[in-house]
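Have a look at the structure below, then the notes.
In this chain, residues are counted from 1 in sequence order. On a predicted model such as this, the values are computed, not experimentally measured, just so you know. Just so you know, these numbers use all the heavy atoms, side chains as well, and skip hydrogens, waters and symmetry mates.
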Amino acid sequence: ILDVPFSLLRSRSMSHATSRPNSLPLRGVIPPLVTPLAGRNQLDLPGLERLIEHVIDGGVNGLFLLGTSGELASLGPRVRRDLIARAARLIRGRIPFVVGVTDTCLDETLALASHAAVAGAAAVVLTVPYYVPPDQDELIAYVRTVAAGQHLPILLYNIPALTKAAFEVETVLRLAEIDKVVGIKDSSGELAYLEEIAGRLPRKDWSLLVGIERLFVPAMRAGLHGCVAGGANVAPRLFAELYAAILNKDQPRIQALESRVNHLGGIYRVGQGIPAVIRGMKTALAHLGICSHRMAEPFRAHGDAEREQVRQILEALDR
């Protein structure tokens with residue numbers, strides 16, 4: 001693993017005093033943490049510790065464990081639980097964390113949610129159950145069952161490209177009638193979806209979070225609350241500074257930082273397909289000396305030529 005001193009990416013100068021342990025509603029920059037792996041269903045424990053320190057030192061406002069970037073669907077039950085417990089101990093209450101718990105089996109979803117609660121999670125995150133997509137009535141019943149069957153608040157996660165069905169706007173508004181449902185992360189790429197929810201939502205205690213980095217600035221300008229940014233695994237300070245610039249309405253600073261965010265997004269396009277997004281993050285973290293670039297099987301890590309492309313993208317950030 002190379003330890004490349006990219007000054008923009010690695011810094012302990014940012015304060016995260018605005019984050020409060022277990023605080024809801026979530027606001028700001030919430031990295032969907034990658035899961036560092038040392039082998040099949042084996043955590044890279046030193047890498048996990050370095051990664052958590054890296055993002056907290058970078059000034060993020062919370063963490064999302066076991067999301068798409070965390071490869072939830074490719075990990076076994078034991079390693080999922082091990083990750084939650086170990087990450088919670090490493091976080092030490094410094095910032096809130098939420099945990100993805102969706103499984104094709106409802107009992108596993110509820111069991112994982114209970115495990116997250118014991119570990120101190122602020123909320124669980126539910127996608128549409130994948131493989132056989134439910135209709136909207138079934139989806140409402142599913143969320144109600146999870147709300148009744150475990151203790152934590154629920155964030156919805158809309159990512160129809162992977163789940164084959166969406167939380168439709170009317171469904172989200174009906175689910176907002178459940179006190180335990182406290183927000184949504186949207187990775188559809190359609191900002192109008194979140195804007196419509198925001199305009200019609202009667203509650204003010206929700207978190208409306210965008211999962212597409214290129215929409216971070218327009219989402220915040222539209223009155224939404226933050227970004228679940230995969231790139232914040234790699235460059236947490238960059239995203240934290242962009243969030244601060246948006247809050248301060250510092251337009252020249254916003255433009256400069258947004259340009260860097262868009263450049264960093266090139267790591268997602270090294271290779272093809274959805275796994276390339278996760279591969280790009282893990283390869284970048286390996287170049288920074290933070291954790292292994294190993295992917296959960298059956299997915300492969302980048303080859304030498306691809307790793308060189310990622311390295312060049314990272315180096316260009318400091319030019």
Side-chain angles (χ1 to χ4, degrees), residues 1-6 9-12 29-58 60 62-92 94-95 97-101 112 115-116 119-121 125 228-239 264 267-268 270-271 274-304 306-307 310-311 313-314:
I1 296 176
L2 291 173
D3 189 359
V4 181
F6 301 121
L9 308 187
R10 309 194 69 163
S11 173
R12 295 177 180 267
V29 177
I30 300 100
L33 206 72
V34 305
T35 300
L37 296 171
R40 182 182 299 165
N41 268 331
Q42 179 184 353
L43 293 177
D44 170 11
L45 297 175
L48 178 63
E49 181 173 7
R50 286 191 295 268
L51 178 58
I52 287 174
E53 293 305 312
H54 174 64
V55 296
I56 291 178
D57 287 346
V60 303
L63 290 177
F64 175 17
L65 308 179
L66 293 176
T68 305
S69 300
E71 301 176 277
L72 168 68
S74 300
L75 300 175
R78 179 192 56 78
V79 76
R80 294 177 184 179
R81 287 158 174 76
D82 195 20
L83 174 72
I84 294 166
R86 291 180 182 273
R89 288 197 291 269
L90 292 167
I91 293 165
R92 300 196 307 276
R94 289 174 287 174
I95 56 174
F97 69 94
V98 300
V99 178
V101 298
L112 198 57
H115 190 79
V125 184
V228 182
N233 281 277
V234 180
R237 185 165 67 93
L238 171 60
F239 284 86
L264 179 63
I267 66 174
Y268 306 142
V270 176
I274 291 171
V277 176
I278 307 169
R279 271 194 284 268
M281 286 184 275
K282 285 195 161 182
T283 296
L285 289 165
H287 275 300
L288 292 171
I290 292 172
C291 66
S292 166
H293 63 201
R294 186 182 183 111
M295 296 278 289
E297 294 181 24
F299 302 104
R300 63 171 182 85
H302 273 153
D304 291 344
E306 295 166 316
R307 288 197 292 272
V310 171
R311 186 191 67 78
I313 291 167
L314 296 180

Rounded distance [0.5 Å steps], CG in L43 versus OG in S292: 11.5 Å
Distance in Å, I313 CD1 paired with Y268 OH, rounded so as to fall on 0.5 Å steps: 10.5 Å
CD1 on I84 to CG on L66, rounded to 0.5 Å: 5.0 Å
Ionic contact status for R89 with E49, cut-off 4.0 Å: no
Any side-chain heavy-atom pair of L63 and P31 under 4.5 Å: yes
Gap separating the CZ atom of R50 from the CG atom of L288, nearest 0.5 angstrom: 11.5 Å
Close side-chain approach of R307 and H293, heavy atoms under 4.5 Å: yes
Closest contact, heavy atoms only, I52 versus R94: CG2-NH2, 4.4 Å
Partner set under side chain to side chain contact (heavy atoms under 4.5 Å, CB included) for I274, not counting sequence neighbours: L162
Qualifying residues under side chain to side chain contact (heavy atoms under 4.5 Å, CB included), relative to A38, sequence neighbours excluded: Q42, D44
Within residues 287-298 or reaching into it, pairs that qualify as salt bridge (Lys or Arg N to Asp or Glu O under 4.0 Å) - sequence neighbours excluded: R40-E297, R294-E297
Interatomic spacing from CE in M281 to CG in L264 - rounded to 0.5 Å: 10.0 Å
Minimum heavy-atom distance between A88 and F97, given as atom pair plus value: CB-CZ, 3.7 Å
Gap separating the CD atom of E71 from the CD1 atom of I278, nearest 0.5 angstrom: 5.0 Å
